[in-house]
Amino acid sequence: MCGTISSTLTLVGRFDPGAMADFVAARADLLQVRATVVTATRHLIELRTEGEPDLVDALETACALAPGTNVVLDLTSTERNPTP
């Protein structure tokens, strides 16, 4: 086991907030990563994540590819801290 990290993921673009929240929840469940949508607007999605580092990275990659007509213009991942 590699341990876990927590991070904040910020996506800027054009979103259907409900569709993005559903997508994040489904992908996080598949990857066994805890993900909480903090902000969901038509131009900003912010998540708090916690999980194994490679799986958090996979969730970030999935979010960058956004489903349907959602478009990610910028993605920032910060506060990648080890969790106890």
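Sorted by first then second residue, the salt bridge (charged side-chain N to carboxylate O under 4.0 Å, His left out) pairs that include residues 30-48, not counting sequence neighbours, are Arg34-Glu50, Arg48-Glu79.
Between the Thr36 side chain and the Val38 main chain, no donor and acceptor come within less than 3.5 Å of each other.
Counting heavy atoms from C-beta outward, Leu9 and Cys63 have side chains that approach closer than 4.5 Å.
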Can you give each donor-acceptor pair under 3.5 Å made by side-chain atoms of residues 70-78, sequence neighbours left out, with the distance rounded to 0.1 Å?
residue, atom, partner, partner atom, Å
Asn70, OD1, Asp16, N, 2.6
Asn70, ND2, Pro67, O, 2.9
Ser77, OG, Glu60, OE2, 2.8
Ser77, OG, Arg80, NH1, 3.4

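Taking each heavy atom of Met20 and Phe15 in turn, the nearest pair found is CG-CD2, 3.7 Å. For the residue pair Gly3 and Pro53, the shortest heavy atom distance occurs at O-CD, 3.3 Å.
Applying the 4.5 Å side-chain rule to ILVMFWY residues, one finds Ile5, Val33, Leu55, Val56, Leu59 in the same cluster as Leu31.
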#### Entry: Trace of the side chain to side chain contact (heavy atoms under 4.5 Å, CB included) decision for Ile45 with Thr39
CA-CA 5 Å; Ile45 306 290; Thr39 304; over 6 Å; no

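In the hydrophobic clustering of this structure, Leu44 does not group with Leu11; members are Ile, Leu, Val, Met, Phe, Trp, Tyr whose side-chain heavy atoms approach within less than 4.5 Å, directly or through other members.
With sequence neighbours left out, Leu30 forms a side-chain contact (heavy atoms from CB on, under 4.5 Å) with Arg27.
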